[in-house]
Amino acid sequence: QVQLVESGGGLVQAGGSLRISCAASGRTSSTYAMGWFRQAAGKEREFVAAISRRGSITYYADSVEGRFTISRDNAKNTVHLQMNSLKPEDTAVYYCTADPGPAQNLRLGVNDYWGQGTQVTVSS
């Protein structure tokens, strides 16, 4: 079992930056691919970014490629999402997720573990 707790969400102006984090407890996070999804009001949850167990492979949604960076620190059982050049359309609840399968499959959204989410609001 893995428990995931997100932190770092908040309100930021368009063009600004924000870093959100996810702390994993339970089994060692390095045994899981990890990533982020988001869900805006009235919309379906969508993939944002994923990172492999060792952090050597990353995947991004086209909408965030070049603006967001996912990273992980297995010694601290944490994963981060650095978000730059934020846009109002990035406003959503961001969910941390983990799965024992490969990171490329994590993008499908059928993952074993999910956090409760953290709200990110980008004002125009």
Side-chain angles (χ1 to χ4, degrees):
Q1 288 287 337
V2 175
Q3 293 78 44
L4 304 173
V5 178
E6 302 94 338
S7 63
L11 175 65
V12 63
Q13 289 188 334
S17 298
L18 198 64
R19 188 174 89 151
I20 57 177
S21 299
C22 174
S25 60
R27 293 191 63 182
T28 304
S29 66
S30 61
T31 61
Y32 297 91
M34 298 188 73
W36 294 91
F37 278 68
R38 67 186 182 186
Q39 187 168 19
K43 296 186 178 181
E44 294 187 354
R45 189 176 296 187
E46 65 174 2
F47 168 74
V48 176
I51 189 166
S52 61
R53 295 179 186 85
R54 295 183 179 181
S56 57
I57 302 172
T58 57
Y59 300 92
Y60 296 95
D62 290 344
S63 59
V64 306
E65 181 83 53
R67 300 188 298 122
F68 290 11
T69 302
I70 188 171
S71 61
R72 67 188 298 164
D73 184 340
N74 286 340
K76 296 182 178 179
N77 286 337
T78 55
V79 63
H80 307 285
L81 186 68
Q82 177 67 44
M83 303 181 290
N84 299 329
S85 301
L86 282 161
K87 305 174 181 180
E89 50 264 43
D90 294 317
T91 295
V93 177
Y94 283 71
Y95 296 91
C96 180
T97 185
D99 195 84
Q104 62 182 15
N105 290 350
L106 187 140
R107 298 177 295 177
L108 301 176
V110 187
N111 304 320
D112 283 356
Y113 304 104
W114 294 87
Q116 292 300 307
T118 186
Q119 177 70 46
V120 172
T121 303
V122 184
S123 63
S124 58

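The figures that follow rest on heavy atoms only: side chains count, while hydrogens, waters and symmetry mates do not.
Pairing each heavy atom of Leu81 with each of Ala49, the nearest pair is CD1-CB, 4.1 Å. Smallest separation of non-hydrogen atoms from Leu4 and Ala98: CD1-N, 3.8 Å. Taking all atoms of both residues into account, the shortest heavy-atom contact from Pro88 to Ser124 is CG-CB, 3.8 Å. Between Ser21 and His80, the shortest heavy-atom distance links the atoms OG-ND1, 2.7 Å.
Taking OG1 of Thr121 as the start and CG of Leu11 as the end, the distance is 6.0 Å to the nearest 0.5 Å. In this structure, Thr58 OG1 and Phe68 CZ are separated by 14.0 Å, a value rounded to the nearest 0.5 Å. Gln1 CD to Asp112 CG: the interatomic distance, rounded to the nearest 0.5 Å, is 9.0 Å. The structure places OG1 of Thr118 at 8.0 Å from CG of Leu18, a figure rounded to the nearest 0.5 Å. To the nearest 0.5 angstrom, Thr97 atom OG1 is 9.5 Å from Glu6 atom CD.
There is no path of hydrophobic side-chain contacts, each under 4.5 Å, that joins Leu106 to Ile70. No single ILVMFWY cluster, assembled from side-chain heavy atoms under 4.5 Å apart, contains both Val93 and Val12. Hydrophobic clustering, with ILVMFWY side chains joined whenever heavy atoms are under 4.5 angstrom apart, keeps Phe47 apart from Ile51. Under the 4.5 Å side-chain heavy-atom criterion for ILVMFWY residues, no single connected hydrophobic cluster contains both Val2 and Tyr95.
Between the side chain of Thr91 and the backbone N or O of Val122, at least one donor-acceptor pair lies under 3.5 Å. The backbone N or O of Arg54 sits nowhere less than 3.5 Å from a side-chain atom of Asn74 that would complete a donor-acceptor pair. Side chain of Asn84 to backbone of Ser17: no donor-acceptor contact under 3.5 angstrom is found. Side-chain atoms of Arg67 come within 3.5 Å of backbone N or O of Ser85 as a donor-acceptor pair. Remark: the backbone N or O of Met34 is not paired with any side-chain donor or acceptor of Tyr113 at under 3.5 angstrom.
For Gln3, the CD atom counts as densely surrounded, since its 6.0 Å shell holds more than 12 non-hydrogen atoms of other residues, nucleotides or ligands.
In this structure, the side chains of Glu46 and Arg38 come closer than 4.5 Å at one or more pairs of heavy atoms. Within the 4.5 Å cutoff, the side chain of Met83 has heavy atoms near those of the Val120 side chain.
Between Trp114 and the choices Phe37, Trp36, Tyr94, the ring-ring contact (aromatic ring centres under 6.0 Å, His included) rule is met once, by Phe37.
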